[in-house]
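In what follows, a structure is listed as C-alpha cells, so that the remarks can point back to it.
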There are 2 protein chains.
Amino acid sequence: MNPTMRQLEALVLVYRLGSITKAAAELRVTQSAISLLIRQIEENFQLKLFDRTTRALHPTAACREAIPAAERILSSARGLSQHMRDLVEVRTGRIAVAVSAGVASALLPRILARFRSRYPEVKIDLFDIAPDELLPFVTAGHAEFGIGSFEDDGTSEARIETLMQTPLSAIGVKDGRFEKRRRLTWADLTASDLIAMRRGTRIRTQIDEALAQTGQELKPALEVSLITTALALTAEGAGISILPAHMLPKAQFPTLAAVPLSQPIVNRHVSLLSRADFTLSPAAEQFAEIARRALSTK
Amino acid sequence: MNPTMRQLEALVLVYRLGSITKAAAELRVTQSAISLLIRQIEENFQLKLFDRTTRALHPTAACREAIPAAERILSSARGLSQHMRDLVEVRTGRIAVAVSAGVASALLPRILARFRSRYPEVKIDLFDIAPDELLPFVTAGHAEFGIGSFEDDGTSEARIETLMQTPLSAIGVKDGRFEKRRRLTWADLTASDLIAMRRGTRIRTQIDEALAQTGQELKPALEVSLITTALALTAEGAGISILPAHMLPKAQFPTLAAVPLSQPIVNRHVSLLSRADFTLSPAAEQFAEIARRALSTK
DNA sequence: CGGGTTCATAAGATAACCTCATGAATTGAT
DNA sequence: ATCAATTCATGAGGTTATCTTATGAACCCG
C-alpha cells in the first residue's frame with residue numbers, strides 16, 4: 001500500500017525534529033495523531049522506522065533510506081501546488097491568441113502592452129491570420145481564443161463576445177476641414193477617389209450588401225488586399241479609404257483622420273472568440289479581460 | 001493546500017484513460033468517488049483541470065502542466081513502497097557486521113557463504129576487530145551487530161545471545177592416535193610442548209583463572225598473539241595448541257584435530273551482540289538467523 | 001424519439017483521522 | 001531517593017473524509 005502525504009509529512013518531520021511531540025506542534029495536531037501516523041506508515045511498510053523508548057527516538061537504517069524519497073515526494077507535491085497557484089494568479093503560463101491582421105496592427109499593440117506590463121511572466125503565442133481562418137483555428141484548438149471580426153455562423157462550438165462595434169468610416173488626410181466633420185454620408189463621397197478592400201473580403205462584402213439595400217453602390221478607384229496598403233495610399237494622397245474607424249492606428253498614421261459614415265451606418269464588430277466547451281486558462285481570462293476594457297472604453 | 005495521493009492518482013488515471021468511469025473501474029471504486037476526487041483537486045487548485053460535458057472530457061492546459069508532476073510524485077511514492085518492501089524481503093540493504101578475528105577466520109566464512117547465496121543483493125560491511133573492541137564498536141553504532149567471544153559486562157545497552165559454546169581443546173596433528181581420543185585432561189598435557197595465546201588475551205586469562213581454581217597452572221612452551229600462528233606452529237609439529245574447538249578451520253588445516261579438555265572443562269562462548277534499544281534491519285535479522293543455525297547445528 | 005452512456009450531485013454509510021484522557025517509562029531536580 | 005516534568009503509547013469517542021447508492025441531466029446513436 002502506498003503511503004499518504006500526511007504519513008510522509010509526519011515521517012519527515014519526526015525525523016528532522018527527532019521528536020513526535022515537536023512534530024505534532026509543528027503540524028498543529030496532538031502528539032497522539034503523529035504517533036498514530038508513524039505507526040500506520042510502519043505497518044504499511046512492515047518495518048520499524050524509529051526505535052523509540054519512552055524518552056528517545058532513533059531513526060532506523062530503513063528510515064534513513066526512506067527520508068530522501070519522502071522529502072522528494074513532499075517537495076514535488078508542494079511544487080505542484082505552487083505551480084498551480086502561479087497559474088491561477090497569472091504569475092506564469094502560456095497562452096495562444098489568434099488575431100485577424102487588421103486587429104493585430106491597430107488594436108492589439110495596446111492590449112498586448114497592458115497585458116505584458118501587468119503579467120510579465122506569461123508567454124504569448126500570437127497567430128496573426130486571415131479573418132476567415134480565425135474561427136476554424138480556434139475551434140481546432142490551436143489558439144485559446146481569437147480576436148477579430150468574423151461572422152457568427154451559429155455553430156454552437158464557439159463562444160462569441162462582441163468587444164466593440166465601430167462604424168465604417170471615411171479615412172482621409174487631415175487638412176483642417178476633413179477631420180472637423182462629425183459625420184459623412186456615403187453620398188458625400190461620390191466625388192472623391194475611394195480606396196476600398198478588394199471584393200470578396202469580409203469588409204467589402206458587408207459594405208456592398210449594406211449599400212445595395214439602400215440602392216447605392218460603392219465605386220472605388222482602387223481596391224487593395226491589405227489594410228495597411230489602403231492606409232498608406234490614403235496618407236500619400238491617393239484617395240479616401242473606407243474602413244472601420246478602429247482600424248486606423250493613429251500612432252502609425254498621424255496625418256490621417258477617420259469620420260464615421262452614415263446613411264446607412266454600417267457597423268463592424270470586433271469580437272472575442274473562444275471554444276464554448278473549454279474553460280479559458282486564468283492567464284487567457286485576464287488577457288480577455290484586458291482586451292474587453294481596452295476596447296470598451298475606447 | 002497539498003493534494004492527497006488519492007487525488008493525484010485519480011487525476012492521472014482520468015487523464016490517461018480520458019474518462020472518469022474508466023478510471024473508477026481501474027481503481028475499483030464507483031464513478032462518483034472519482035468525480036468527487038477530481039472536484040476536490042480542482043477546488044484545491046482553484047482551477048479547472050478537465051472541461052467536461054456530460055459526454056466528453058478534455059484536459060485543460062493547467063492539467064497538462066500538472067500531469068508530469070503528478071506522475072513523478074506517484075511513481076516516487078510507489079518506488080519508496082517498493083524499496084521498503086525490498087528491505088523487508090531482504091532483496092536489498094546493507095549491513096555492518098563486526099567480528100572478532102578468531103570468529104572471522106574459523107566460523108564466518110561458512111555463515112557468509114550461506115547468507116550471500118540466499119540474499120545476494122545485500123551489501124555487507126565486515127569489520128574484523130579485536131575482541132575487546134567488539135562491544136564498544138557495536139554500542140557506538142558502527143556495526144549493527146557483532147559476533148565473537150566477549151565478556152558480558154552487564155551494561156544493559158547490549159543484547160547478548162549465546163550462539164554456541166565450545167570447550168577449550170587440545171589441537172594437535174592427526175597421527176592415528178591423537179584424533180581418536182574422545183577426551184583429554186589438562187594433566188594429560190604436562191608432557192607435551194604447549195602453544196597458548198599470550199598472557200593478557202581473553203582466552204588466556206580465562207584458562208589461567210579456571211586452572212588456578214583447581215590448583216593447576218598452564219606452562220606453555222610458546223605464547224603467541226594470533227590464533228593462526230598457533231595453528232600453523234602446531235601443524236609444523238611445534239606442539240599442541242590450546243584453543244576453543246571452533247577456532248580450528250578444518251578446511252585450512254586438514255592435518256589437525258581438536259580433542260576437548262576436561263578437569264576442568266573450560267567453555268568459551270560465541271555470542272551475537274547487538275544494541276538493546278535498536279531494532280535489527282530485516283537483512284541483519286536474517287544474517288543473525290543464519291548465524292544461529294550455522295553455529296547451533298554444529 | 002428512446003435506449004444507452006457519461007458525468008454530477010445529494011444522502012447516507014463507512015472508514016480515516018484527530019482529540020481527549022490516561023498510563024508507562026525515563027529524566028532531572030530537589 | 002523521591003517527585004515533578006517530559007515523552008511516547010494506547011483506548012475511547014467524536015469529527016471529518018471518503019466511498020457507495022440512488023438519481024438526474026445531458027448527450028450520442030440508431
Side-chain angles (χ1 to χ4, degrees), chain A residues 1-45 47-60 63 77 155-157 159 275-279, chain B residues 1-45 47-60 63 77 155-157 159 275-279:
Chain A
M1 188 64 87
N2 279 347
T4 68
M5 289 287 176
R6 198 104 185 111
Q7 287 168 355
L8 294 180
E9 218 171 2
L11 170 63
V12 168
L13 224 49
V14 168
Y15 177 83
R16 281 217 276 250
L17 301 177
S19 154
I20 289 184
T21 305
K22 283 177 193 151
E26 188 81 12
L27 289 177
R28 320 301 188 94
V29 294
T30 57
Q31 162 266 325
S32 52
I34 303 298
S35 179
L36 199 67
L37 282 171
I38 296 293
R39 198 167 54 207
Q40 282 171 356
I41 197 170
E42 284 181 335
E43 280 166 13
N44 270 351
F45 290 161
L47 199 48
K48 276 209 106 165
L49 293 171
F50 295 97
D51 277 308
R52 33 204 195 282
T53 63
T54 52
R55 200 87 200 144
L57 198 99
H58 286 281
T60 63
C63 180
T155 49
S156 66
E157 277 193 32
R159 190 192 309 127
R275 289 184 59 166
D277 50 352
F278 276 76
T279 315
Chain B
M1 191 64 89
N2 278 347
T4 67
M5 289 289 177
R6 198 99 185 114
Q7 287 167 356
L8 294 180
E9 219 170 2
L11 170 63
V12 168
L13 226 49
V14 169
Y15 177 83
R16 282 217 277 249
L17 302 178
S19 153
I20 289 183
T21 305
K22 284 178 194 151
E26 188 80 14
L27 289 177
R28 321 300 186 95
V29 294
T30 56
Q31 162 266 324
S32 53
I34 303 298
S35 179
L36 201 66
L37 282 171
I38 296 294
R39 200 167 55 208
Q40 282 171 355
I41 198 170
E42 284 181 335
E43 280 166 13
N44 270 351
F45 290 161
L47 195 47
K48 275 210 107 163
L49 293 171
F50 295 97
D51 276 308
R52 33 204 195 283
T53 62
T54 51
R55 201 85 202 146
L57 199 99
H58 285 281
T60 64
C63 181
T155 49
S156 65
E157 277 192 32
R159 189 192 311 127
R275 290 186 56 168
D277 50 353
F278 278 75
T279 315

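Since this is a predicted model, take the numbers as computed values, not measurements. Order of the sequence lines sets the chain letters (A, B, ...), proteins ahead of strands, with each chain counted from 1.
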Rounded to whole Å, the CD1-P distance (B:I20 to C:dT5) equals 17 Å

Rounded to whole Å, CD of B:E9 lies from P of D:dT18 at a distance of 13 Å

TODO: Determine: side-chain N/O of A:R52 to OP1/OP2 of D:dA9, distance under 4.0 Å, yes or no.
DONE: yes

From NE2 of A:H58 across to P of D:dC8 the rounded distance in Å is 12 Å

Q. Given side chains that start at C-beta, do those of A:T4 and A:Q40 come closer than 4.5 Å, heavy atoms only?
A. no

Whole-Å distance, A:Q7 CD to C:dA16 P, equals 11 Å

Residue pairs meeting salt bridge (charged side-chain N to carboxylate O under 4.0 Å, His left out), one or both in residues 23-32 of chain B, sequence neighbours left out, come to none

Taken to the nearest whole Å, CD/B:Q40 to C1'/C:dA8 is 14 Å

A:M5 atom CE is separated from D:dA17 atom P, nearest whole Å, by 17 Å

Between B:L11 and B:C63, is there a side-chain heavy-atom distance shorter than 4.5 Å? yes

* A:R6 vs C:dC17: side-chain N/O to OP1/OP2 distance below 4.0 Å -> no

Note: contacts of residues 24-37 of chain A with DNA chain D (heavy atom, under 4.0 Å) are A:Q31, A:S32, A:S35

Rounded to the nearest 0.5 angstrom, the NZ-OG1 distance for B:K48 and A:T279 is 4.5 Å

Quick note, salt bridge (charged side-chain N to carboxylate O under 4.0 Å, His left out) partners involving residues 1-20 of chain A, not counting sequence neighbours, are A:R6-A:E9, A:E9-A:R78, A:R16-A:E71

Taken to the nearest whole Å, CG/B:N44 to C1'/D:dA17 is 13 Å

Please check the phosphate of C:dC7 (OP1 and OP2 only) for any side-chain N or O of B:T21 closer than 4.0 Å.
yes

Between CD1 of A:I38 and P of C:dC17 the distance, given in whole Å, is 13 Å

For A:I20 and A:Q31 the tightest heavy-atom approach is CG2-O, 3.6 Å

* Answer whether the closest heavy-atom distance between the side chains of B:R275 and A:D51 falls below 4.5 Å. => no

